Amino acid sequence: MNARFVWRSPENKPRWIILLLLGVLAALAVVATAAYLKTAIAQTANPTLSVDVTADRHSISPDIYGMNDYAIDPALAQELRIPVERWGANHTSRYNWLVDSSNNGDDFFFVGGGDNKNPVPGDSIDKIVNTNRKNGSKSIVTIPMIGYVNKFSTWNCGFRVSKYGPQEKTNPYIFPEGDKCGNGKRPDGTLIADNNRLDVSITSNPEFQKAWVQHLVKTHGTAASGGVQIYQMDNEPSGWGNTHRDVHPEATSYDELRDRTYQYASMVKATDPTAKILGPSDFGWLVYADSLVKGDREKHGGVWFARWYLQQMRAYEQQKGVRILDYFDEHYYPVADDGCLANCPAGDAKTQAARLRSTRSLWDSTYTDESWLGKSNPPLTIIPRFREWVNQDYPGTKIAITEYNWGGLESINGALTQADVLGIFGREQVDLATLWGPPKSSEPGAYAFRIYMNYDGKGGKYGDTWVRSHSTDRGLLSIYAADRSSDGTLTLVIINKTNKNLTGNLSLKGFKPAGKAQVYTYSEANLQAIVRQTDLGVSAVGFQATYPANSMTLVAIPKA
């Protein structure tokens with residue numbers, strides 16, 4: 001080795017030089033780290049917002065603000081003129097319009113009927129449709145396809161203890177004759193499978209249901225003249241073998257769902273050609289992918305159940321020249337491995353944070369669902385996935401989600417999540433959505449709908465044309481922007497999902513504001529009102545504003 005290049009240890013150099021070099025390096029590291037942290041903290045604490053009114057424009061369907069009729073608050077429905085209300089649920093699969101009663105199936109001890117000894121055919125549904133018409137709401141009515149409907153208008157049940165013996169559980173109520181209703185399981189948990197399906201049910205077919213549709217048309221007019229606008233082809237058919245196992249213990253196969261839909265949907269279209277059809281309205285991810293019949297998907301070329309359904313509906317139109325499916329509809333409820341989201345109270349801080357994050361499963365291809373679903377599936381991207389299926393398998397079909405619920409509607413956490421969901425529905429071009437388990441008029445969840453439908457208490461609405469809007473951190477601060485065609489006002493819904501005030505700069509493009517913007521905020525500071533704030537100065541390039549912790553804000557910017 002050449003002696004001129006022999007390595008010398010630091011110990012051979014003067015100590016002060018070593019210390020000086022180390023000091024300089026440490027100082028540079030501190031400065032660099034401080035600068036990085038300052039930038040990171042600024043980006044995290046104060047996301048920037050942007051709106052481009054000229055980009056990504058598309059209509060926002062008013063029907064995304066719908067609710068299910070079950071437990072709906074009449075005052076809220078009237079105030080907001082809910083655009084669409086759905087009569088549907090497990091019990092509607094067994095509704096007999098002639099005796100005006102249903103059976104609850106496994107949801108409640110297979111109990112059906114009620115106290116009505118002199119039923120008026122179709123009376124309860126006629127009242128719902130009449131109320132919807134008064135409120136300006138479209139009606140979705142479920143047509144039973146399961147093949148059996150309830151027999152009696154008075155109380156009855158499918159597994160009486162007097163006939164089928166002791167059972168695992170019995171309901172806490174005793175019928176007048178002193179009998180009890182069981183859950184259809186023996187004390188050891190095995191299913192009672194030898195019951196008589198006609199104990200409390202009668203058979204139903206398309207002709208039976210046709211008479212009901214004719215009654216609805218005669219009573220309320222055709223869909224085009226303000227009658228029932230949308231008919232749903234039963235409810236969660238993949239659940240029949242569980243919920244209604246007393247009359248349909250078999251799992252619903254690909255072919256059965258297709259064949260029944262062909263029969264009943266074509267009947268509705270023949271009876272009222274102006275009506276729309278909605279289906280398959282199944283219960284979740286597992287049955288989007290496959291039926292619960294073993295080997296069924298393999299028998300159908302490995303095609304997902306939901307996609308095969310769409311393909312078969314398209315084939316019917318190609319063969320018969322009649323579209324019998326107008327809305328591709330599925331139900332979606334978020335789940336969490338640790339904590340409860342859908343149809344549950346707000347929960348602890350961990351659950352509330354998960355609830356806010358979980359809306360990303362509706363759209364975000366970079367988000368892995370934080371439940372068992374995410375561990376075994378790619379990003380769910382529910383709405384883009386539905387749209388891709390429709391575009392490929394049955395173009396022109398609209399997209400609906402007639403049951404969803406993120407929970408916590410009694411809290412500000414649930415309200416913020418619901419507001420986020422409604423904004424996502426508008427951005428992602430959902431055509432129709434109805435919330436399951438709507439909030440009471442006084443609950444925070446109701447204000448998520450008010451911020452879009454009546455933010456000023458005078459009928460002020462969020463816009464009807466989506467425009468591009470973006471946040472650098474949607475997990476902290478979400479923004480949804482829309483152009484209101486009635487007066488050209490640009491409306492923004494901005495949601496602060498954190499427990500700290502956030503100040504953000506918003507850049508504006510393609511819009512000339514006139515005067516100042518009106519600002520309305522709903523926050524934990526006042527859970528009983530949307531409060532108007534001081535008007536906000538807006539220039540052609542944007543504005544800066546502070547959004548209170550855990551709040552939703554509507555900014556209405558008039559057009560010059």
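Note: hydrogens, waters and symmetry copies are ignored here, and every other heavy atom, side chains too, is used. Note that this is a predicted model, so its numbers are computed, not measured.
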Aromatic Tyr394 / basic Arg323 pairing, under 6.0 angstrom, 45° off normal
yes
Is it possible for you to check whether Arg427 lies under 6.0 Å from the centre of the six-membered ring of Trp363, through NZ or CZ, and within 45° of that ring's axis?
yes
Chi angles and distances behind the salt bridge (charged side-chain N to carboxylate O under 4.0 Å, His left out) call for Asp73, Lys440:
CA-CA 6 Å; Asp73 186 328; Lys440 296 179 181 178; over 6 Å; no
Closer than 3.5 angstrom, by distance alone: can the side chain of [X] be matched with the main-chain N or O of [Y] as a donor-acceptor pair?
X: Asn68; Y: Leu435; answer: yes
X: Asn130; Y: Asp126; answer: yes
X: Ser291; Y: Val293; answer: yes
X: Arg260; Y: Met145; answer: yes
X: Asn150; Y: Asn96; answer: no
X: Asn103; Y: Phe110; answer: yes
X: Asp329; Y: Thr402; answer: yes
X: Thr368; Y: Pro379; answer: no
X: Thr219; Y: His215; answer: yes
X: Asn104; Y: Val111; answer: yes

Just wondering, more than 12 heavy atoms not from [X] lying within 6.0 Å of its [atom1]?
X: Gln429; atom1: CD; result: yes
X: Lys163; atom1: NZ; result: yes
X: Asn118; atom1: CG; result: no
X: Lys269; atom1: NZ; result: yes

Nearest non-hydrogen partners of [X] and [Y], listed with the distance:
X: Ala342; Y: Pro334; result: CB-O, 3.7 Å
X: Asn391; Y: Pro395; result: O-CG, 3.3 Å
X: Leu409; Y: Glu443; result: O-CB, 3.7 Å
X: Ala275; Y: Ala223; result: CA-CB, 3.6 Å
X: Pro144; Y: Gln209; result: CD-OE1, 3.5 Å

Under a 3.5 Å cutoff, is there a donor and acceptor pairing between the side chains of [X] and [Y]?
X: Ser93; Y: Asp234; result: yes
X: Asn235; Y: Thr92; result: no
X: Thr271; Y: Gln214; result: no
X: Asn413; Y: Ser411; result: no
X: Asp100; Y: Ser124; result: yes
X: Asp246; Y: Asn195; result: no

Side chain to side chain, [X] and [Y], heavy atoms closer than 4.5 Å:
X: Ser266; Y: Lys320; value: no
X: Trp212; Y: Val217; value: no
X: Leu341; Y: Thr351; value: yes
X: Thr252; Y: Leu292; value: no
X: Tyr327; Y: Gln232; value: no
X: Phe159; Y: Cys181; value: no
X: Met233; Y: Pro280; value: no
X: Tyr231; Y: Tyr264; value: no

Measuring centre to centre across the rings, with the benzene-like ring taken for any Trp, is [X] within less than 6.0 Å of [Y]?
X: Phe109; Y: Tyr173; answer: no
X: Trp308; Y: Phe305; answer: no
X: Tyr254; Y: His300; answer: yes
X: Phe425; Y: Tyr404; answer: yes
X: Trp87; Y: Tyr70; answer: no
X: Trp304; Y: Tyr309; answer: no

Under the criterion side-chain hydrogen bond (donor to acceptor under 3.5 Å, both in side chains), I'd like the reasoning laid out for Ser361 against Ser358: C-alpha separation, chi angles, the key distance, then a yes or no.
CA-CA 6 Å; Ser361 286; Ser358 66; over 6 Å; no
Salt-bridge criterion met for [X] and [Y] (N-O under 4.0 Å):
X: Glu370; Y: Arg357; result: yes
X: Glu403; Y: Arg86; result: yes
X: Lys398; Y: Asp326; result: no
X: Glu250; Y: Lys294; result: no
X: Lys375; Y: Asp337; result: yes

For Thr203 and Arg197, what are the C-alpha separation, side-chain angles and deciding distance, and is it a side chain to side chain contact (heavy atoms under 4.5 Å, CB included)?
CA-CA 9 Å; Thr203 57; Arg197 299 187 187 192; over 6 Å; no
Side chain to side chain donor-acceptor pair (under 3.5 Å) partner of Ser201, chosen from Arg94, Lys151, His244:
Arg94
Set out, in order, the CA-CA distance, both residues' side-chain angles and the distance that settles side-chain hydrogen bond (donor to acceptor under 3.5 Å, both in side chains) for Asn183 and Asp106, then state yes or no.
CA-CA 7 Å; Asn183 67 346; Asp106 193 48; 6.0 Å; no
Using the ring-ring contact (aromatic ring centres under 6.0 Å, His included) rule, take Phe449 and Tyr65 through it: C-alpha gap first, then chi angles, then the decisive distance, then the call.
CA-CA 7 Å; Phe449 284 85; Tyr65 308 112; 7.1 Å; no
Step-by-step salt bridge (charged side-chain N to carboxylate O under 4.0 Å, His left out) determination, Arg360 to Asp369:
CA-CA 8 Å; Arg360 293 171 62 187; Asp369 193 81; over 6 Å; no
As a quick check of understanding, evaluate side-chain hydrogen bond (donor to acceptor under 3.5 Å, both in side chains) for Asp255 and Ser253, giving each step before the final call.
CA-CA 5 Å; Asp255 290 350; Ser253 69; 5.6 Å; no
Passes side-chain hydrogen bond (donor to acceptor under 3.5 Å, both in side chains), Ser281 versus Glu236? Steps please.
CA-CA 5 Å; Ser281 309; Glu236 299 185 354; over 6 Å; no
Criterion salt bridge (Lys or Arg N to Asp or Glu O under 4.0 Å) against Asp393, the qualifying member of Arg307, Arg385, Arg387:
Arg307
